[in-house]
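On a predicted model such as this, the values are computed, not experimentally measured, just so you know. Chain identifiers are assigned alphabetically (A, B, ...) following the order of the sequence lines, protein sequences preceding nucleic acid strands; residue numbering begins at 1 within each chain.
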Amino acid sequence: MSTFELLMQGFGVALQPINLLMAFIGSVLGTAIGVLPGIGPALTIALLMPVTTQLEPASAFIMFAGILYGAMYGGSTTSILLNTPGESGSMMTALEGNQMARRGRGAAALATAAIGSFIAGTIGTILLSFVAPSVSELAFIFGPQDYFALMILSFTTISVVLGNSRLRGMIAVTIGLGLGVIGIDAQTGQSRMTFGSLDLLDGIPFTIVLVSLFAVGEIMFVASRSLARTEGTNPLKGGIWMTREDWKRSWKPWLRGTALGFPIGVLPAGGSEIPTFLSYAVEKRLSKHPEEFGSGAIEGVAGPEAANNAAAAGILVPLLTLGLPTSATSAILLSAFQGYGLQPGPLLFVNNAQLVWGLIASLYIGNLMLIVLNLPLAGVWVRLLMIPRPQLYAGIMIFALVGVWGLSTSWFDLLLMFLMGLLGFVMRVYDFPTAPVLIGLILGPMAEQQLRRALAISQGDPSTLVATPISASLLAIAVLILVGPPLFRYLAGRGRPARGRSALATPDSNPAQ
Amino acid sequence: MIKRDASMRPWWLPGGVVAFGLVLLYGAAQLGQSDNYSRIGPGLFVTVIGIALVGLGIALAVQIARGMSFAPSDSEGADTEGPTKLGPFLTAVAATAAPLVLMQPAGFPVTASVVFAGVARAFGSTQPFFDLAIGAVLGVLAWFFFAWLGVNLGPFFPLLKGF
């Protein structure tokens, strides 16, 4: 069956009333959490995990996809009107967007962000529809050693790219790997690292780690250093719509942002932040009015907003075709798939075509819903921020509690939540990235399984790990990423201490300093 | 950036990383490192991670010895320049620990009410009764909403059983 026919079948699934309702709920929730600080798409999906026991897989994933896309839209609204990016992917939008709002061009900034998001999201979804099936065909030729190499590459890129320090990123990934081995070993049935505790037999639940690191740790951290002042909203005034000039200056950045965002989202190097930095830099370089950057250049809103939405579509490619999560959000989606007993990967496209294509089709519909929800209603969403911060964070904590307690009403889970929350606090104080912990936790057992499978096939010969061209080159890239930059720096700067700053650090990855 | 003197160096941080590594190595030592079939047993992966953590912990200690400073991560609404405010921090910690003692005897709505008021207090709210009330309402709504969705949040008010 052709991709087009499969997609049409997918629309058949996505257009069922229950699934339309789920897409709508997801879009509304996603926009709301994109607007609110301290809560992102990964956390929201984690908190909704208990609900999945009651929903069909297709309906649940359609809702989750709406949350993923919606957060990208919502994040831009607060960046522009309040200079507080609700999502890390919207940090660059705040730079120019908020300046535009201060100059009374807030409406135009919101419009170029929403339309750019829509165009990039739609193009990204089209690319997903046609790229994913061929990647999944490709995935059939992947042997266990190739998967293992891919995961090693994923660990290294994630520890290098996320956060400001390569060493601290690696520590975070390894802590995640360490947490991942707790519980019953899937291959031999032996219990590992449980020290006689029955509660640890099932392992450390991914949802609890995510909720605790992201919500509980964040609450402790922000409470310990909260600011008395709050920023005022920039009123929505001035030219309600984009002028002809604005359109002329926006359409190229939209397309360039999409071109940057989608491929980077696909790469196992994670997330939607990096393409937004790149897009901003590119637009600044190419602009005919570079002097406007910093004081409200529309290109600086259009490009990064398109980039983060295209990246959101991009991260679904490795997730659906290889089962490889590249960001915290796709890690929780993978965990949801596992909760349904589904393993994303090439077989998913064969065995669960209805689910996959229903999900992809719902992305087109969700995008349409989101632009309707966001363009005229931006002012309404901002009202959400009128909730006073003490009650807002207290409310987030209650939902974290529902997410943890609702899993299995276990006292031990509450203890884990508390301890992981403290870990999240410490990691924030000392600037360790938290997302690599989650990637390590979910990918670790998969990597181990592939490693042992590969070694079983080769009867214990470790050279099998580099025996295929794919595995050899993936591992070579991983080594290069790890030792390349420090080596280069050493050769270039002889003897100057490296200070643990990543050479790949993105231009704005260190705003605090 | 504030210059920190040597006494502020967080040696316990690499200490914790190394300790976690050692725990893994200890646990791994009790597992088979290899078996006859795949030549790699349930313990090997654990051993490798343990060694990696010890090594990374030592590397972190070296960085700290060289005088590396840590800038807290940037978070919305957080004053990352200032020091930790101990009072609000401890209040938040107490609020997140409260479910450990409250959840089983008092049930979800009561716990939610207390946790809500605690976190709000940590963020500077000065209306404890108002917060307790909102927390209780949220807790009750969440309990019924999730019960309707089929998610079990435990007994509603276990204290009642005593009467």
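- Listed in order of number, the residues of residues 136-146 of chain B that approach chain A to under 4.5 Å between heavy atoms are L138(B), A142(B), F146(B).
- To the nearest 0.5 angstrom, L392(A) atom CG is 8.5 Å from F123(B) atom CZ.
- Ranked by heavy-atom pairs shorter than 4.5 Å toward chain B, the options L177(A), I171(A), V181(A), L419(A) are led by I171(A).
- Residue contact with chain B, scored on non-hydrogen atoms closer than 4.5 Å, involves the side chain of L451(A) exclusively.
- Between M220(A) and A92(B), the shortest heavy-atom distance links the atoms CA-CB, 4.2 Å.
- In this structure, chain B has heavy atoms under 4.5 Å from both the backbone and the side chain of S224(A).
- Taking the six-membered ring where the residue is Trp, the centroids of F425(A) and F89(B) are separated by under 6.0 Å.
- V23(B) touches chain A through backbone and side chain together, each having a heavy atom under 4.5 Å away.
- Within the 4.5 angstrom heavy-atom criterion, atoms from both the backbone and the side chain of V402(A) approach chain B.
- Residue L90(B): no heavy atom, backbone or side chain, is found under 4.5 Å from chain A.
- Contacts of T464(A) classified as side-chain hydrogen bond (donor to acceptor under 3.5 Å, both in side chains), with partners at least two apart in sequence or in another chain: Q145(A).
- For the atom pair CE of M103(B) and CH2 of W411(A), the computed distance is 12.5 Å after rounding to the nearest 0.5 Å.
- Chain B forms the most heavy-atom pairs under 4.5 Å with one residue out of G444(A), A394(A), G421(A), S458(A), and that residue is A394(A).
- A 4.5 Å side-chain heavy-atom check between P42(B) and E448(A) finds every atom pair outside the cut-off.
- For the atom pair CD (Q54(A)) and CH2 (W148(B)), the distance works out to 10.5 Å, reported to the nearest 0.5 Å.
- Contact annotation for V426(A): only side-chain heavy atoms (C-beta onward) come within less than 4.5 Å of a heavy atom of chain B.
- In this structure, CZ on R168(A) lies 7.5 Å from CG on L60(B), to the nearest 0.5 angstrom.
- Using a 4.5 Å cut-off between heavy atoms, L179(A) contacts chain B through both its backbone and its side chain.
- With values rounded to the nearest 0.5 angstrom, Y393(A) atom OH is found 13.5 Å from F116(B) atom CZ.
- Neither the backbone nor the side chain of I457(A) comes within contact range of chain B; no heavy atoms are under 4.5 Å apart.
- Neither the backbone nor the side chain of S408(A) comes within less than 4.5 Å of any heavy atom of chain B.
- Looking at D131(B), the atoms closer than 4.5 Å to chain A (heavy atoms on both sides) all sit in the side chain, from C-beta outward.
- With a 4.5 Å cut-off on non-hydrogen atoms, M397(A) touches chain B through its side chain but not through its backbone.
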